[in-house]
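Note that ligands are numbered from 1 as they come in the structure, with each ligand's atoms numbered from 1 the same way. What you see is a predicted model, and the numbers here were worked out from it, not measured in a lab.
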Amino acid sequence: MPAEDAKALEIVDLQKRYPNGVEALRGVSITIEPGDFFGLLGPNGAGKSTLIHCATGLAQPTGGEIRVFGQNAIADYGEARTAVGLAPQEVNLDQFLTCEETLEFHGGYFGMAKRDRQERAAELLETFSLTAKARDSTRALSGGMKRRLILARALMHRPRLLILDEPTAGVDIELRLELWHYVQKINAEGVTILLTTHYLEEADQLCGRIAFIADGQIAAQGTSEELAARYDVVNLEDAYLALVGRRELSRSHVEGGITA
Ligand code: ADP
């Protein structure tokens, strides 16, 4: 059993070099405490997906360590995997399954007993307001329902760490706010969350701690306020602009120009 005081996710000096020679991760270290809502922000190509793929067993790191609740996620992947739920960026539902089957099949994959699968699926369909759609094919769901079902599926085997890879990319504002509501609820119930997003407002609103990643390395990490202080600016967005070398785009310039 993992130690009680183990970190939810501990990544130490993680390296990933793809066969084509691209060094996507160049010594990344992050620590996520149980119960944290942790954000990972960075420009395209920074290494966010590679990090998530390494932490979920979809990619093999070329160096470093990953521990999930104290389990070595590289050597003992099976053990560590059961503690992790992944809600991927793309809507990858099987169109030939109903909502209920989507959840139950996922539970089966994780070795849950039939009765437990049925009960857990019913509970999650209720939580995500999908009970009325239980027997409907996933094909018949609206975009918002699909996103909710993906979250429910990620939670089906009761993972203690939920990884959300750009859960609100390209969704409208109502759905974005609705998803925020759900993920805050999940976090409040004790699930640790790692979120990647391009929306600074989203990270600001949801995440207690945030790491900036650029060019395969962690450039800075801390609370939103700490990151602002680190770059000597007033908010997270300006800190991010400083990270990517675009301080001149700060909205404070625009506002200052108008009110001056
Ligand atoms: P992000 O998710 O932050 O946009 P990625 O992890 O997708 O960044 O990519 C990091 C770097 O690794 C980029 O230079 C990207 O082109 C490269 N990369 C990603 N996946 C592969 C792959 N399968 N093979 C080779 N290079 C890859």
Side-chain angles (χ1 to χ4, degrees), residues 8-32 36-68 73-74 77 80-81 84-92 147 150-151 154 159 161-171 176 179-180 183 192-222 224 227 230-231 236-247 249:
L9 180 66
E10 197 171 15
I11 294 182
V12 183
D13 196 23
L14 192 67
Q15 292 157 41
K16 174 65 181 176
R17 172 195 276 264
Y18 285 105
N20 64 359
V22 171
E23 287 197 71
L25 298 174
R26 301 186 296 136
V28 166
S29 298
I30 54 172
T31 299
I32 305 183
D36 271 3
F37 202 133
F38 191 96
L40 185 65
L41 300 183
N44 284 331
K48 300 180 296 297
S49 303
T50 302
L51 185 145
I52 287 179
H53 289 163
C54 289
T56 50
L58 298 171
Q60 186 70 22
T62 39
E65 293 166 34
I66 305 176
R67 282 183 289 275
V68 176
I74 302 172
Y77 197 70
R81 181 71 182 89
V84 182
L86 172 66
Q89 194 179 332
E90 67 279 10
V91 175
N92 63 348
R147 293 274 177 179
I150 286 172
L151 268 184
L161 171 65
L162 176 65
I163 300 183
L164 303 169
D165 191 3
E166 297 193 33
T168 62
V171 310
R176 178 165 308 141
L179 290 169
W180 289 6
V183 296
T192 307
I193 298 184
L194 168 60
L195 166 80
T196 75
T197 179
H198 276 110
Y199 300 102
L200 296 162
E201 186 201 357
E202 179 164 298
D204 222 357
Q205 178 85 26
L206 299 175
C207 302
R209 290 181 58 238
I210 295 164
F212 280 170
I213 182 169
D215 201 15
Q217 292 182 305
I218 300 296
Q221 53 182 314
S224 198
L227 289 168
R230 155 86 168 68
Y231 289 93
L236 182 66
E237 184 173 89
D238 284 1
Y240 184 85
L241 289 171
L243 169 79
V244 298
R246 301 300 305 272
R247 282 177 188 262
L249 295 176

I need the single residue from Leu151, Leu206, Ile150, Thr196 that forms a side chain to side chain contact (heavy atoms under 4.5 Å, CB included) with Leu164. Which is it?
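Checked Leu151, Leu206, Ile150, Thr196 against Leu164; only one passes side chain to side chain contact (heavy atoms under 4.5 Å, CB included): Leu151.
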Arg26 side chain to Asp215 main-chain N or O, any donor-acceptor pair under 3.5 Å?
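Such a contact is found between Arg26 side chain and Asp215 backbone.
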Considering all heavy atoms of both residues, which atom of Arg209 and which atom of Thr31 are nearest to each other, and what is their separation?
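The answer is NH1-O, 3.2 Å.
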What are the two closest non-hydrogen atoms of Ser29 and Asp13, and how far apart are they?
OG-N, 2.9 Å
Partners passing salt bridge (Lys or Arg N to Asp or Glu O under 4.0 Å) against Arg17 (at least two apart in sequence or in another chain):
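If we apply the salt bridge (Lys or Arg N to Asp or Glu O under 4.0 Å) test to Arg17, skipping adjacent residues, the hits are Glu23.
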Might you list the protein residues in contact with ligand 1, defined as having a heavy atom under 4.0 Å from one of its atoms, sorted by chain and number?
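Residues Tyr18, Asn20, Val22, Ala24, Pro43, Asn44, Gly45, Ala46, Gly47, Lys48, Ser49, Thr50 each place a heavy atom under 4.0 Å from ligand 1, listed by chain and number.
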So, do Asp238 and Arg247 sit near enough that their side-chain heavy atoms are less than 4.5 Å apart?
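They are not in side-chain contact.
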